Structures are given as structure tokens and as C-alpha cells.
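See below for the structure under consideration.
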Amino acid sequence: MWIPLSHLLDRLRQPRTRADETRRLRERLAAEPNRGEVPQEEALASAELLRLRRELKAAIGEVVSCRTCAVGHPPPHGHFAGGHCCGLVTEDAWNDDEIAALRQSGTRAQDLRLPKGDHAGCAFRGPTGCSLTVEHQPNLCVRYLCPDLFREVYARGDGPQIAALCDEMEAVYLRFIALRAQRVRDSD
Ligand code: SF4
């Protein structure tokens, strides 16, 4: 059985569970069509999602809520002090629509860089947060504001602007899902 070199290296450097989950993700990513292989409307929606991820991340900026939100929680969420919402099962953030959107907006297998440290929740969660740049994060991850973070940005004064970007992203994401589902149905 052929094993990719990247996976062998991950097996040497990473906890086995993280290495194996990442291999499956990279294979799923590679199996998705790129932007030139899908209808234009779908490719435009994935490009819009990339723009919104960047805008939303910039609008949220530096925050303190995410640094200590997991303190006192049971593992895997509480394994690190911060990033409680990243304590989920990797595949729950990386559904097929997210992977398809990322592939179309240019994410490659080698862009899925891993953190150093224990595996506690999502494969990309490390002791200091997510190891991915916003270009390669699922839309869900960028759009999700837990109650603490929600309160923080509202106290800062830019909550309404951020909420509007979240709503816009949700609408584009739903459009992307519908377009992708139609393409998959048409190809059956
Ligand atoms: S991809 Fe990053 S932000 Fe999303 S759940 Fe995983 S660690 Fe958290």
C-alpha cells in the first residue's frame, strides 16, 4: 500500500491520531474539483467566502476571550487554556461543503499545516490556537462567535459590523451549499 511522504513525516512528528485524521482530510481535499472544474457561479461563491473570511477575521482582530475560555473544562476542550470551541471532533468542522469551498478557493494539501503539541480536539488546535491561516480555515470556524467573544466585540463597539459580516457569510455559505448540491446531483 502506497503511503504519502507527508503522512510518514506526520507519523514521526505528531500524535498518531492527528497524523491519521490529517491524512484523511488531505485525501478528501485532493478529491474535490478545483475552481476551474465547477460551474462559474459556484466558483464565485467560494471566492466570496474567502473574501468574507479575511474581512471577518480582520474585523474581529485581537481578542482576549479565546485565550482562557477552556480553563476548568474537561478534556479534550479543557486540555489547553484557550480555544474551547476547537475541542470538537475534526470532521465536525471539516464537512464536505467546507472542504469543497476551501479547495475551490485555493487551499492545497500542503496548506493544512499542523501545530506542535498534544492532539486535543480538532487536528489543527494547538496550545496557542489554530495552526491555519484564515485562508485555509473552514468558514464555520471564522463565523462562530461564542457568547464570551460576542460580548467582547459588542463591548468594544464593533459588534453590529461583525454580526453583519457573519450574516453575509452565512447567506453566501448556504448559496454555495445549494449550488454544490445541484452540481453533484447533475453529475449523478
Ligand atoms: S480548523 Fe482551526 S479554528 Fe477550526 S476547529 Fe480546527 S483548530 Fe479550531
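Whatever order the structure lists them in is the order used to number ligands and atoms, beginning at 1. These numbers come from a predicted model, not from an experiment. Counting begins at 1 with the first residue of the sequence.
Counting heavy atoms only, R125 comes closest to atom 7 (S) of ligand 1 of the residues H136, Q137, R125.
L9 places a side-chain heavy atom less than 4.5 Å from the side chain of L5. In this structure, P39 and Q182 have side chains that are not in contact, with every pair of non-hydrogen atoms separated by 4.5 Å or more.
A side-chain hydrogen bond (donor to acceptor under 3.5 Å, both in side chains) with Q14 is found for one member of R18, R16, R11 and no other, namely R18.
Atom 2 (Fe) of ligand 1 does not have C86 among its coordinating residues (no N/O/S atom, backbone or side chain, under 2.8 Å).
Interface of C141 with ligand 1, defined as ligand atoms under 4.0 Å from a residue heavy atom, comprises 1 (S), 3 (S), 4 (Fe), 5 (S). For ligand 1, the atoms sitting less than 4.0 Å from at least one non-hydrogen atom of W94 are 1 (S), numbered in the order shown with element in parentheses.
Ring geometry for Y173 versus F176: interplanar angle under 30°, hence parallel rather than tilted (30 to 60°).
Between R108 and D111 there is a salt bridge, since at least one side-chain N of the basic residue sits less than 4.0 Å from a carboxylate O of the acidic one.
Scanning all protein heavy atoms for the shortest distance to atom 2 (Fe) of ligand 1 gives C130 SG, 2.3 Å. Closest to atom 6 (Fe) of ligand 1, if we only count protein heavy atoms, is C122 SG, 2.3 Å.
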